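What follows is a set of notes on a single structure, which appears directly below.
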Amino acid sequence: MKNYTITEYKELDSHITFIRVNPTNLKLTLKEIFTSLSDLSWLKFFDKDYIRSGIEIRAKNTLNNLEQKLLNGNTDKITSNTGETVVSELARKSIIDEMGYLDIPLAEFFKQKKDGNPGFDFFTENKNETVLYGEAKYIAGKNGYGRAFNQIVDFISVGKDISDIPDIRDFCSPNALNNSHQGAKGYIAAFSSTNIETDVLIKNIKSNLSFIKLSSHKEVICVAVNVNI
C-alpha cells in the first residue's frame with residue numbers, strides 16, 4: 001500500500017516534470033517508510049559475494065540509524081532528524097511508481113557513510129538511459145526548493161555527480177553511465193513544501209536562478225513533499 005498520494009503531476013516543459021506528494025497519516029508513513037527501506041532484496045544487484053557482504057553491512061548500519069530516527073520518540077510528526085529521509089524516500093518512490101523509472105535504494109544504504117553522505121541523496125535511470133541524480137532538502141516550516149536547486153548546482157560545479165558513478169555502476173545500465181560521463185544527465189530536486197498554492201509554487205520555481213541553470217539538462221524533476229502543512 002502506498003504511503004502517499006499524488007496531488008499534482010504537471011509537465012512544465014517537454015523534459016521538466018513537477019510532482020506534488022502528500023504523505024498519508026504521518027505516524028503510519030514513518031513506519032511504512034522504515035518497512036520499505038528494510039527490504040534489502042536489492043542486494044542481488046551485486047554479483048560478487050564479497051561485495052554483497054560489504055554492502056549488506058553498510059545497509060544494516062544505516063537501518064539501525066534510521067530506526068532510531070524514524071521510530072523512536074514522537075512518530076506522528078516530521079522532525080529535522082527525519083525530514084530529509086522522508087522527503088528523499090517519498091520523492092524516490094513517487095518517481096518509481098508514477099514514471100516507471102529504475103528502483104535504486106537511497107544512497108546512504110550503499111555508500112560508505114550511514115548518514116549525511118557528501119553527495120547526491122538518491123538516483124534513478126529513466127527510460128531513455130539517462131541517470132538522474134536526486135537531492136533532497138527539508139526545512140522546517142518552509143519550502144525547500146531553493147536550497148535543493150542550489151545544492152545540485154554546487155554539486156555539479158565540483159563534479160559530485162560524476163564522482164558518484166562508481167557507487168551506482170551496479171544499478172544502472174552501461175549506456176546510461178556512459179551517457180552521464182559524456183554530459184547527458186538529469187536531476188531531481190526533492191523538497192519540503194508548505195500549503196502554498198501549486199501555481200504560485202511553480203511560478204517561484206521557474207524564477208529561481210539555479211532552476212534556470214538546471215533546465216538545460218536532459219531531464220529535471222521537481223518533487224514537492226507536503227510535510228510542512
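Every value quoted in this text rests on a predicted model; they were computed, and no experiment measured them.
Side-chain atoms of Asn179 never come within 3.5 Å of backbone atoms of Thr130 as a donor-acceptor pair (strictly under, hydrogens ignored). Put simply, the side chain of Ser163 gets close to the backbone of Lys160: a donor and an acceptor are under 3.5 Å apart. Checked by atom type and distance alone, the side chain of Asn150 pairs as donor or acceptor with a backbone atom of Gly146 at under 3.5 Å. A donor-acceptor pair is defined here as one N or O able to donate and one able to accept, closer than 3.5 Å; such a pair exists between the side chain of Ser192 and the backbone of Ile139.
The cluster map of Ile, Leu, Val, Met, Phe, Trp and Tyr, joined by side-chain heavy atoms under 4.5 Å apart, puts Val158 and Ile152 in different clusters.
A salt bridge links Arg92 to Asp103: at least one charged side-chain nitrogen sits closer than 4.0 Å to a carboxylate oxygen.
Note that CG of Asn208 and CZ of Phe149 are 6.0 Å apart. Values are rounded to the nearest 0.5 Å.
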For this session: Decide side chain to side chain contact (heavy atoms under 4.5 Å, CB included) for Val21 and Val87; before the verdict, give the C-alpha distance in whole Å, the side-chain angles of both, and the deciding distance to 0.1 Å.
Result: CA-CA 9 Å; Val21 180; Val87 170; over 6 Å; no
For this session: In sequence, state the C-alpha distance, the side-chain angles, and the governing distance for Asn226 and Asn195, and then conclude on side chain to side chain contact (heavy atoms under 4.5 Å, CB included).
Result: CA-CA 7 Å; Asn226 297 336; Asn195 61 355; over 6 Å; no
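Under the 3.5 Å distance criterion, with hydrogens and angles disregarded, no donor-acceptor pair is assigned to the side chains of Tyr4 and Glu89. Looking at Glu125 and Ser173, their side chains do bring a donor and an acceptor atom within 3.5 Å of each other. Between the side chains of Thr124 and Tyr133, no donor-acceptor pair of N or O atoms lies under 3.5 Å.
In Ile6, the CD1 atom is crowded: over 12 heavy atoms of neighbouring residues, nucleotides or ligands sit closer than 6.0 Å.
Between Phe18 and Thr198 the shortest heavy-atom distance is CE2-CG2, 3.6 Å.
Ring orientation note: the planes of Phe120 and Phe155 are nearly perpendicular, at an angle over 60° on the 30°/60° scale.
In this structure, Phe171 has its ring center at least 6.0 angstrom away from the ring center of Phe123.
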